[in-house]
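In this text the structure is predicted, and so the values were computed from the model without any measurement. Reminder, nothing fancy here: chain letters follow the sequence lines and each chain counts from 1.
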Protein chains: 2
Amino acid sequence: MRWDDIDLQVCSVARALSVVGERWTLLILRDAFLGTRRFDQFQASLGITRHRLSERLGKLVDQGVLTRVQYSEKPPRHEYRLTRKGLALYPLLMTLSRWGDEWMDKGEGPPVEYFHQDCGRKMQPILTCSECGEPLRPQRVTPMVGPALAKHIADVREGETSLPSFPLLAREVG
Amino acid sequence: MRWDDIDLQVCSVARALSVVGERWTLLILRDAFLGTRRFDQFQASLGITRHRLSERLGKLVDQGVLTRVQYSEKPPRHEYRLTRKGLALYPLLMTLSRWGDEWMDKGEGPPVEYFHQDCGRKMQPILTCSECGEPLRPQRVTPMVGPALAKHIADVREGETSLPSFPLLAREVG
């Protein structure tokens, strides 16, 4: 399988990575969440070539994660803002940050700490169950075939597709 | 800045991406969480070259995310298991999956659904505040300079380093 085809997998992890899985893309989004909007600001922070930055920003605009907005007419200037789809990546950035804090802090403590305005306290993000509110542990969560994968399995069985997929599918189709 | 140097940033997002930010790495870990342990199983699922898979697995072992365990003496065979550091990436995978479900399901519903054994219900993961338990929204969370970044800022001011860093640092150092 080629990387450019991973969005063809019937898998939300693969589909999400087809948007955010390129080098630099999540660092661009980190900066966007910290308030960066302008091309030159992104470039100063990331130190990548204008060509690469332009390509990454353009892809994020095409995918609806950022929107390009004109903020000055003369001269014409644009900035990049997070869309709702982009803002929905906040838990992803916070989760990356948390893992880095816990496992890669070099013994110096966290680079950045987070203050929650709703409760007025310094906090860490915790991934919890939408139903019972308890923290999620992998040993206690069972993945099950959902609607889209069930349809795909039926298509594979009828020979209508031969797309490769991932372990959960292999278990079902055999 | 070169990609290979991003772990030098005083930023937990960048440090985390220095481990999981390569193409295929998070799909390898997805498969590991679904129970895949053996080289040939990873290869069958991902369809990448043996060379690339071997390089990625080796890097994850070097970084302490996977451990390579011998499971047969004659012939000698090994498998890859998630370490504690690797298991701690579970929220990252679940968060990617959730975003893909919400924003990239092509109208067919989620490929995979999750059953929480603790409460006996189908659930979604929600990122919440460790202190008040409420869901985190970016507008209500303020990033602040933590211990490691404070030290880095002092070093920059004293001219002891000129490492580029990210917007939060630029705001502080000016």
key: B:Lys85 vs A:Glu102, salt bridge (Lys or Arg N to Asp or Glu O under 4.0 Å): CA-CA, chis, key distance, verdict   = CA-CA 9 Å; B:Lys85 186 175 178 180; A:Glu102 276 194 274; over 6 Å; no
task = Please test B:Leu136 against A:Met123 for side chain to side chain contact (heavy atoms under 4.5 Å, CB included), starting from the C-alpha separation and ending with a verdict.
result = CA-CA 10 Å; B:Leu136 292 178; A:Met123 58 90 199; 3.8 Å; yes
inquiry  = Let's go through A:Val20 and B:Leu96 carefully: what are the C-alpha distance in whole Å and the side-chain angles of both, what is the deciding distance for side chain to side chain contact (heavy atoms under 4.5 Å, CB included) to 0.1 Å, and is it a yes or a no?
reply    = CA-CA 9 Å; A:Val20 300; B:Leu96 273 171; 4.0 Å; yes
key: A:Leu92 vs B:Leu92, side chain to side chain contact (heavy atoms under 4.5 Å, CB included): CA-CA, chis, key distance, verdict   = CA-CA 6 Å; A:Leu92 185 64; B:Leu92 185 64; 3.5 Å; yes
request  = Determine, step by step, whether B:Glu134 and A:Cys119 satisfy the side chain to side chain contact (heavy atoms under 4.5 Å, CB included) criterion, reporting the C-alpha distance in whole Å, the side-chain angles of both residues, the deciding distance to 0.1 Å, and the verdict.
outcome  = CA-CA 9 Å; B:Glu134 290 298 309; A:Cys119 70; over 6 Å; no
request  = Could you give me the CA-CA distance, side-chain angles and deciding distance for A:Arg137 and B:Gln117, then say whether side chain to side chain donor-acceptor pair (under 3.5 Å) is met?
outcome  = CA-CA 10 Å; A:Arg137 291 174 300 145; B:Gln117 295 169 36; over 6 Å; no
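Ranked by heavy-atom pairs shorter than 4.5 Å toward chain B, the options A:Gly100, A:Ala148, A:Ala16, A:Ser97 are led by A:Ala148. When B:Asp105, B:Asp101, B:Thr142 are compared by the number of non-hydrogen pairs under 4.5 Å with chain A, B:Thr142 comes out ahead. By number of non-hydrogen pairs under 4.5 angstrom with chain B, the leading residue of A:Arg2, A:Gln41, A:Arg84 is A:Arg84. Heavy-atom pairs under 4.5 Å with chain A were tallied for B:Trp3, B:Tyr114, B:Phe115; the largest tally goes to B:Trp3. Listed options A:Gly109, A:Pro91, A:Pro147, A:Pro135 were ranked by heavy-atom pairs under 4.5 angstrom with chain B; first place goes to A:Pro147. With chain B as the partner, the residue from A:Val13, A:Leu127, A:Thr95 showing the most heavy-atom pairs under 4.5 Å is A:Leu127. Ranking A:Gly107, A:Gly120, A:Cys129 against chain B, the residue ahead of the rest is A:Cys129, based on heavy-atom pairs under 4.5 Å. Most heavy-atom pairs under 4.5 Å with chain A, from the set B:Gly64, B:Pro110, B:Ser18: that is B:Pro110. Interface summary for chain B: among A:Gln124, A:Met94, A:Gln63, the most heavy-atom pairs under 4.5 angstrom belong to A:Gln124. Most heavy-atom pairs under 4.5 Å with chain A: of the set B:Ile6, B:Leu87, B:Leu89, this distinction falls to B:Leu89. Interface summary for chain A: among B:His116, B:Lys151, B:Gln139, the most heavy-atom pairs under 4.5 angstrom belong to B:His116.
Taking all atoms of both residues into account, the shortest heavy-atom contact from B:Ala88 to A:Trp99 is O-CD1, 3.4 Å. Closest approach of A:Met1 to B:Ile48, counting heavy atoms only: O-CG2, 4.3 Å. The two residues B:Val145 and A:Glu113 come nearest to each other via the heavy atoms O-OE1, 4.2 Å. Listed here is the closest heavy atom pair of B:Pro111 and A:Arg15: CG-NH1, 3.7 Å. Among all heavy-atom pairs drawn from A:Arg30 and B:Ala14, the shortest one is NH1-CB, 4.1 Å.
To the nearest 0.5 Å, atoms SG (B:Cys132) and CG (A:Asp118) are separated by 6.0 Å. Remark: B:Leu93 CG to A:Ser12 OG distance equals 12.0 Å, nearest 0.5 Å.
With a threshold of 4.5 angstrom between heavy atoms, B:Thr49 does not approach chain A through any atom at all. When heavy atoms are compared at a cutoff of 4.5 Å, A:Thr25 does not approach chain B at all. Heavy-atom distances place the side chain of B:Phe33, and not its backbone, under 4.5 Å from chain A. Interface residue B:Trp103: backbone and side-chain heavy atoms are both found under 4.5 Å from chain A. When heavy atoms are compared at a cutoff of 4.5 Å, B:Leu82 does not approach chain A at all.
A:Lys122 has no carboxylate O lying under 4.0 Å from a charged side-chain N of B:Glu131, or vice versa, which leaves the two without a salt bridge.
Heavy atoms of other residues, nucleotides or ligands lying less than 6.0 angstrom from CZ of A:Arg140 number more than 12.
Under a 3.5 Å cut-off, the side chain of B:Thr128 and the backbone N or O of A:Ile126 do form a donor-acceptor pair.
Contact annotation: the side chain of A:Met144 never approaches that of B:Val112 to less than 4.5 Å [non-hydrogen atoms, C-beta and beyond].
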